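Below is one structure, written out as structure tokens; the observations come after it.
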Amino acid sequence: MTFRVAAAPHGHSQQNTADMMRWVCYALIPGVLVQSYFFGAGVYFQLFLAIVTAYAAESLCMLARNRNARSALRDNTALVTAVLLAISIPSLAPWWIIVIGTAFSIVVVKQIYGGMGQNLFNPAMAGYVLLLVSFPVQMTNWLPPSTLANYELSLWQTLHTILFEYTPAGYSVEQLRTTVDGVTMATPLDTIKTALSQGYTVAEAYQQPVLSAIAGVGWQWVNLAFLLGGFILLQRRIISWHIPVGLLAGLLIPALVANLFAPSVMPGPVFHALSGATMLGAFFIATDPVSAATSPRGRLIFGLLIGFLVWVIRSWGGYPDAVAFAVLLANLSVPLIDRYTRPSVYGHSRSHGGGDGQ
Amino acid sequence: MSEFKELTRQGLWENNPALVQLLGLCPLLAVTASVTNALGLGLATLFVLMGSNITVSLVRQWVPSEIRIPVFVMVIATFVTIIQLLMNAYVYELYQSLGIFIPLIVTNCAIIGRAEAYASKNPWQKAAFDGFMMGLGFALVLVLLGGMREVIGNGTLFDGAELLLGDWAAQLRIELFEVNYPLLLAILPPGAFIGLGFIIAGKNWIDAKRAAKAEKVEKTVTRARVTAES
């Protein structure tokens, strides 16, 4: 028997960036389907606008930089950025919201830093923060879940609303948000925050129609669908478990402890896990390989940091949800995390191979 | 004469306080939400810079170097107080909208930097010119950044110019486009950082272009010399 001698590396992965990014998009499908069921077909128009804008912006930037535009489009990273941003914003947001956000994500956050693999910040989340800070009204106009909504929009009405900010019959998004009772409906996170600030307890806030026994009507299923997509990514080894587990632990453990100590003012871990963008953030947004920490241990810390920040901002911050802010803040700390979690070189003790750069 | 030309070049471009030295960023980023504010603070800084440069240059023979920094600070603080009282008296609304950033001119490193680096070593005419050019360079960047942020965030230019220049200036206000939903980010502090980043990048880009051009010319000259010697 002969032994063939081969040089390292001996393990090969058949995955390339384009395939990985394509699988991220496939894994988002369950979540998008559930989201469109509860919040209307607007998300498909948003996806279309975002993808067109992202491809146009990416091509223009690559042309301006004298690079090959086609190869940049083929790696699908712009596609993922566009898709993530499109499903993060309210489905009836006017068209220029998603266009401005996607263009900013691609041009300023990604290409100016040097394009694919060079960006410091998660492009989709930086774009989201730009939109949220600049256009707070449009960015918080979430429709009530379809099971509670007063109006049902056809495809044409949805498109008309996205393009002209009114339905053909002249209803504004604000009016569409009213429920059967004639009350404008906020998101579950917003409802809890408002109720707590008015002196109600969590249990009293749960009486509101937007909250079911578990978490928010509709939102809980959206989150579970994104969790399912996350399992697909884990199973296909496109992401490792460190960031999602870290994020969920960082969010849910403080939530559990706080809930045990003060159940009347601190919603429990189940509510946090199934509200807002928790699952989308844990499996799809925070796991962006470019702007996340590098080593497994670093990724665990990175995830924990995001989760804890999400919990802190949700509990005491000015905004109801915090995944975007938490991800950006954690992106900022990545160089520090990487410095202190650098794995030691084989044969060296940790004190030599560690973070002091010796 | 060439000294003055050099001072102009240094102040406006090569050594611009805001773009190259990156001094005085706090007022630069904080007050440039509109052209009017930017111009007001730019002019105030220009005045203080000239006044402190002239004074420091005039007294430089009598100030022991051990205590020069406290003396410079006192001189600068005096001029800041003067400009603060003047603005309070004549452009009260602008004074209110600039708020704390007028007294904070005293902490602007660009001013004490020029006092230390130039005015304390040169005669007063040159120091005055240096202060003028450095102040002008600073003010121009302020106005440029203010203009960018005002156009993107509000769709206007010279909004509220009458606060600074008197009633006739109300007609200076230009409405470039109507915005129903202002891009708040441009008006908010992050917009200032991003805008300044773009201006610095633009300057570096122009410098790189010029350097590349200059290098080409130089290369031809070198080759000619080599042939001549060999």
Side-chain angles (χ1 to χ4, degrees), chain A residues 61 64-66 85 89-90 92-115 118-123 125-141 162-166 172-174 318-319 324-325 328-329 331-332, chain B residues 18-19 22 25 28-35 37 141 144-157 159 175-213 215-216:
Chain A
C61 284
R65 295 173 60 204
N66 292 325
L85 188 57
I89 70 166
L92 284 186
W95 62 271
W96 44 266
I97 290 268
I98 188 70
V99 170
I100 291 177
T102 316
F104 180 81
S105 293
I106 298 290
V107 177
V108 177
V109 187
K110 186 179 170 194
Q111 290 292 344
I112 280 188
Y113 283 92
Q118 306 290 328
N119 43 301
L120 297 181
F121 297 99
N122 186 316
M125 286 304 102
Y128 181 85
V129 166
L130 165 91
L131 295 174
L132 184 62
V133 171
S134 297
F135 311 109
V137 175
Q138 288 81 5
M139 286 297 285
T140 47
N141 264 344
I162 291 175
L163 290 180
F164 305 109
E165 302 178 38
Y166 291 95
S172 70
V173 180
E174 196 63 31
Y319 287 94
F325 294 112
L328 292 190
L329 287 169
N331 287 161
L332 273 179
Chain B
L19 295 184
L22 298 181
L25 286 190
L28 178 81
L29 297 169
V31 304
T32 51
S34 74
V35 175
N37 283 1
V141 175
L144 180 61
L145 187 57
M148 280 168 57
R149 291 175 69 191
E150 196 180 337
V151 168
I152 297 172
N154 212 12
T156 59
L157 266 179
D159 187 30
E175 183 142 4
L176 294 172
F177 48 89
E178 181 112 1
V179 275
N180 292 333
Y181 312 105
L183 187 70
L184 283 178
L185 192 88
I187 304 278
L188 292 171
F193 281 99
I194 296 174
L196 183 67
F198 273 110
I199 297 179
I200 295 175
K203 182 194 178 288
N204 290 348
W205 182 71
I206 294 173
D207 280 346
K209 283 252 157 183
R210 281 166 141 195
K213 220 181 218 175
E215 203 175 328
K216 252 184 207 165

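Everything quoted here is computed from the prediction, not taken from an experiment. As a basis for the values below, the full set of heavy atoms in this structure was taken, side chains included, without hydrogen atoms, waters or symmetry mates.
With rounding to the nearest 0.5 angstrom, the CG atom of B:L184 is 11.5 Å from the CG atom of A:L131.
For A:W95, the CH2 atom counts as loosely surrounded, since its 6.0 Å shell holds 12 or fewer non-hydrogen atoms of other residues, nucleotides or ligands. The neighbour count for A:Y319 OH, taken as heavy atoms of other residues, nucleotides or ligands under 6.0 Å away, is above 12.
Only the side chain of B:I194 comes within contact range of chain A, with heavy atoms under 4.5 Å apart. For B:L188, the part sitting under 4.5 Å from any heavy atom of chain A is the side chain, from C-beta outward, and nothing else. In this structure, chain B has no heavy atom under 4.5 Å from any part of A:V129.
What you find for A:V133 and B:L185 is that their closest heavy atoms are CG1-CD1, 4.0 Å.
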